[in-house]
Undergrad: 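Structure below; questions to follow.
Chain letters run A, B, ... following the sequence lines, proteins first and then strands; every chain starts at 1. All values below come from the heavy atoms of this structure, side chains included, with hydrogens, waters and symmetry mates left out.
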2 protein chains.
Amino acid sequence: MARMSTGRKSTIYDIAKETGASTATVSMVLNGSWARYRIKEETANRILESARALGYNVNMKARGLRLSRSGLAGMVLPHYRNRFFAGLAQSFEDQARSRGLCPIVVGTQRDPEVEVSVVETLLSQRVELLFIAGVRNPTPLNALCAAAGVPSINLDLPGEAAPSVVSDNRHGARAITNLMMDKLEARGIPPSELVLLGGVANEYATDMRVAGFRDAFEARGLELAEDAVDRCGYNAGAARDALAARYQKLGRLPAGLLMNSITAFEGLVQLTSTLPTSDSKSAVVGCFDWDPFAVHLAFDVTMLRQDVQKIIAEAFTSTDNYDAPDRHLVMVPTRFGDMFDENEQTTEFDR
Amino acid sequence: MARMSTGRKSTIYDIAKETGASTATVSMVLNGSWARYRIKEETANRILESARALGYNVNMKARGLRLSRSGLAGMVLPHYRNRFFAGLAQSFEDQARSRGLCPIVVGTQRDPEVEVSVVETLLSQRVELLFIAGVRNPTPLNALCAAAGVPSINLDLPGEAAPSVVSDNRHGARAITNLMMDKLEARGIPPSELVLLGGVANEYATDMRVAGFRDAFEARGLELAEDAVDRCGYNAGAARDALAARYQKLGRLPAGLLMNSITAFEGLVQLTSTLPTSDSKSAVVGCFDWDPFAVHLAFDVTMLRQDVQKIIAEAFTSTDNYDAPDRHLVMVPTRFGDMFDENEQTTEFDR
DNA sequence: CTGAAAGCGCTTACAG
DNA sequence: CTGAAAGCGCTTACAG
């Protein structure tokens, strides 16, 4: 009776034949709309039983084609290699699933060609919505989605052509700068020793962080030194080199170091690993991203953490009331790394 | 002419109407098979142009339904929160794309119910193959795939019911144990001070690592102390507690610590952050996973790194010559963390 | 070289 | 309560 061994997947026709019901009845029973059609419970059970026996599994391709709803929710992001993007992916999956959608997230390595081709692929799979995370210029991707009639939302980095949800980098930057200044003062070091490294020019996140950094200085009536900010780029090597140059000039590390990204932070770690520990141990360090190991390095480090759950939740809200002309920008506050529950940071059964 | 502004996606019918060609011709031109059918190049160009103007994008749901090929490749994994899984996801995406498949990877949080429901969803989307990574008992999932006629491959943790590709944990364990013993001896500490912490009983990876640990002891003619191995679990807290207990008993940390997973390693870091640095700085530490920040912590740490690219490549090879009765086990060697190119560890434009 | 037609697996008005 | 039938968008033998 059951013939799960054959390669062919069973269809509603197989079940209809087996149970003597019509394909319509089978379809209704299988998709749960049968109660509405007053189908006998006994019939329904017979069909359900047969479906189980045949190892039946709906073909979403067919259902999706008929209903023009794929049940797919897409997200593109640069990669999974840091906690922020890993967390975004995770939260996206959880929330998509709880909305009955099948999450499909793809990493694009920040390659614009890959970005376009991935978005086209997702569109041809007929995703019902698309989140675009960490793409510096998402406008072409938003345009592709708009042409396909698919709502798109930008995450982390905003764009002109679609609603965007980003962290409140400016206030976060101001808060962490303040905290680091306090720490420096407590050590009797002038806060003007503080420098901000990393990020790139003309990028929203970097600009906001620099603005917040400035805000903190202004609030204290302090001048920002000429070379206090160095947008030396997003890769570890560049940050390492920029720091090494300062080390050369000063004969030591700057007393206060605010790193624009976890990758810039990695550059700092690379450099200090070649230095005598005493040189780095005294530095007051901060970073706009959080990492569970980085917080335990040999120096005093404060990490800002983005609220990925909130970012995703806001993004879904934006799709719920999605109307094309609306291009709003939602800001989600950041928190300090130690302000999260411990069990958000590590997981129970985890390797 | 172009009417990209309307919500409705354009279809081959729209293009046929616009160009005066038949839907068959349009279809052939659009899917690239037109040369074979001797369609005039001029016709083809006209159709291509019209497709562009209409913002046409194939509907893979329909094409997939017709061809019974979805173009989708699936992978499930526990999460993205460490470099191993993040790297697996990345490599999977790259290699799937280079094979013309659309990768779709989903995190299941190690929850067996989620695992089943995710696999069912992927199957109903008609993925053409499914990789199952880090699932302790993948057999029920393999069965689901088999029933649907979809090849499945287990990664990282093997299973009885499908081909499996895993790291060669035993040889890796032996190599890292050896290296740590050398380091201990160089400091005049007996290698028998070395302990292995983490992992769980009756799990393949843990068992193999313990076996390799034993191998290294035997090769030197050394006895393994009664309490040298503690499979205290995969979460950070348990490892921290197990270590704390030893700290109590010894009045210090064990001189050599081999941590079974990055999470157990996190437990070590949690503990040492509460200890005076001098206590931990002298420890010789090793770990079966690699993390870019963890390698720079205050103690001497050696990290083993799994070859994610090779694992994925082997898995794809297994699907290429997939025949149900074949349940082979492929072993992929591990390497030490510092044996990879620097640019594999950090990326150029990366935050 | 091109068109008419069937069919992939499903859903849902519409009749009975 | 159930069945026959059309149609979602595409592909591909099969005739012309």
Undergrad: Answer yes or no: is there an ion pair linking B:Glu203 with B:Arg136, defined by an N-O contact shorter than 4.0 Å?
TA: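 Here B:Glu203 does not pair with B:Arg136 in a salt bridge, since their nearest N and O are not under 4.0 Å apart.
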
Undergrad: Test A:Leu155 against every option in A:Val308, A:Val330, A:Ile132, A:Ile312 by the side chain to side chain contact (heavy atoms under 4.5 Å, CB included) rule and name the one that passes.
TA: A:Ile312

Undergrad: Calculate the interatomic distance between A:Arg38 atom CZ and D:dG3 atom P; express it in whole Å.
TA: 17 Å

Undergrad: State, without any angle test, whether A:Ser91 and A:Gln309 hold a side-chain donor-acceptor pair at a distance under 3.5 Å.
TA: no

Undergrad: Rounding to a whole Å, what distance do you find between B:Lys61:NZ and C:dG7:C1'?
TA: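 After rounding, the gap between these two atoms is 19 Å.
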
Undergrad: Assign the ring pair B:Phe316 / B:Phe131 to parallel, tilted or perpendicular, where the plane angle (0 to 90°) is split at 30° and 60°.
TA: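 Perpendicular: the ring planes of B:Phe316 and B:Phe131 meet at over 60°.
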
Undergrad: To the nearest angstrom, how far is A:Met60 atom CE from D:dC8 atom C1'?
TA: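 Rounded to the whole Å, the gap is 14 Å.
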
Undergrad: Rounding to a whole Å, what distance do you find between B:Asp14:CG and D:dC8:P?
TA: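 So the CG-P distance, B:Asp14 to D:dC8, works out to 11 Å.
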
Undergrad: Are B:Glu18 and B:Tyr13 linked by a side-chain donor-acceptor pair shorter than 3.5 Å?
TA: no

Undergrad: For D:dA5 and D:dC1, measure between their P atoms and round to the nearest Å.
TA: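 Straight-line distance between the two P atoms is 24 Å.
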
Undergrad: Going by atom types only, do A:Tyr80 and B:Glu93 share a side-chain donor-acceptor pair under 3.5 Å?
TA: yes

Undergrad: Using atom CG of B:Leu65 as one end and atom P of D:dC8 as the other, report the distance to the nearest whole Å.
TA: 13 Å

Undergrad: With rounding to the nearest 0.5 Å, note down the distance linking CE in A:Met60 to CG in B:Leu72.
TA: 11.5 Å

Undergrad: Are any of the side-chain nitrogens in B:Glu49 or B:Arg46 under 4.0 Å away from the carboxylate oxygens of its partner?
TA: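 Result for this pair is no, no salt bridge flagged.
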
Undergrad: If the sugar-phosphate is the primed atoms plus P, OP1 and OP2 and the base is the rest, what is the B/S/- string for nucleotides 10-16 of chain C, using protein heavy atoms under 4.0 Å?
TA: BBB----

Undergrad: How does DNA chain D look in dot-bracket notation if pairs are Watson-Crick or G-U with both distances under 3.5 Å, crossing ones as [ ], other-strand ones as |?
TA: |||.||||||||.|||

